[in-house]
Structure formats: structure tokens, C-alpha cells
Chemist: 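Next up is a structure, given as C-alpha cells.
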Amino acid sequence: MEDFETIAIFNYTHEIVVLKHLLQRQGILYYFENETMSSIVPFYSNALGGIKLKIHPNDFKTVRIILDKLNNDSNLNIV
């Protein structure tokens, strides 16, 4: 996972719930940096630089499509 790069940053853990499901359904390997600490102490999220979605660069195109679809085609907007 050392080759993984950040594709998106979120402020709160509730923003990533649907996204996790969509990534798992597509079989994309990912992890959210700072997710655990942000769920324990939500106000630390900004101090930590947010919750960072890390994926392999080969999956950038697919994940970008998923993120765009969440932002544009539904009522579930990612802030």
C-alpha cells in the first residue's frame, strides 16, 4: 500500500460510508488515512489534514468516475 496515493479528502466519517460500499462493490483496494482517529475525536480531522482516500494509481480513473457520480447524479453529495 506504499504506492497508494490520495485522490480525495473528507472532513467527517459519515461522508465516506456510501463511498466505502461502492469501492468494495467494484473490487477496488483502498484505505482511509486518519479514519480511526477522526471517528474517535471528530474535531481532530482538520488538524490531521482530513480523512484521505488512498488508492492505487491504476484505479484513479474508476474512482474519479465514482466520485463524480456521487457528486453530480444523486442527492448524496460529497463535500
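Given the structure is predicted, the values throughout are model-derived calculations rather than measurements.
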Chemist: Side-chain contact, heavy-atom cut-off 4.5 Å: Gln26 with Leu22?
Modeler: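 No, every pair of side-chain atoms sits at 4.5 Å or beyond.
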Chemist: Evaluate whether atom OH of Tyr12 has more than 12 neighbouring non-hydrogen atoms of other residues, nucleotides or ligands under 6.0 angstrom away.
Modeler: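 No.
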Chemist: If Ile, Leu, Val, Met, Phe, Trp and Tyr residues are connected whenever their side-chain heavy atoms lie under 4.5 Å apart, and connections chain through other members, are Val63 and Ile65 in the same group?
Modeler: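 No; tracing contacts between hydrophobic side chains, which count when under 4.5 Å, never links both residues.
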Chemist: Is there a side-chain contact between Thr62 and Ile55, using heavy atoms and a 4.5 Å cut-off?
Modeler: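 Counting from C-beta outward, Thr62 and Ile55 never come under 4.5 Å.
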Chemist: Under a single-linkage definition using a 4.5 Å side-chain heavy-atom cutoff for Ile, Leu, Val, Met, Phe, Trp and Tyr, are Val17 and Phe10 assigned to the same hydrophobic cluster?
Modeler: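 Looking at the clustering, Phe10 is in a separate group from Val17.
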Chemist: Can you hop from Leu48 to Ile9 via hydrophobic side chains spaced under 4.5 Å?
Modeler: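 Each belongs to a different hydrophobic cluster.
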Chemist: Nearest 0.5 Å please: distance from the CG atom of Leu53 over to the CD atom of Glu5.
Modeler: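 Atom-to-atom, Leu53:CG and Glu5:CD are 12.0 Å apart.
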Chemist: Using modelled atom types and a 3.5 Å cut-off, is there a donor and acceptor pairing between side-chain atoms of Ser45 and backbone atoms of Ser38?
Modeler: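 Absent.
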Chemist: Within a strict 4.5 Å, meaning less than it, do heavy atoms of the Leu29 and Phe4 side chains meet?
Modeler: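 Yes, side chains in contact.
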Chemist: Quick one: are Ile51 and Thr13 in side-chain contact, heavy atoms under 4.5 Å?
Modeler: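 SC-SC contact between Ile51 and Thr13 confirmed.
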Chemist: Taking the side chain as every heavy atom from C-beta outward, state whether Ile28 and Ile66 have any pair of such atoms under 4.5 Å apart.
Modeler: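 SC-SC contact between Ile28 and Ile66 confirmed.
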Chemist: Let me see the working for Asp59 and Leu23 under side-chain contact (heavy atoms from CB on, under 4.5 Å), right down to the final yes or no.
Modeler: CA-CA 10 Å; Asp59 295 324; Leu23 294 172; over 6 Å; no
Chemist: Indicate the ring-plane relationship of Phe32 and Tyr30, choosing parallel, tilted or perpendicular according to the 30° and 60° boundaries.
Modeler: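 If you compare the ring of Phe32 with that of Tyr30, the planes turn out perpendicular.
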Chemist: For the NE2 atom of His56 and the CG atom of Asp3, what is their distance to the nearest 0.5 Å?
Modeler: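 It is 5.0 Å, given to the nearest 0.5 Å.
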Chemist: Any chance you could measure Leu19, atom CG, to Gln24, atom CD, to the nearest 0.5 Å?
Modeler: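 Rounded to the nearest 0.5 Å, the CG-CD separation comes to 10.0 Å.
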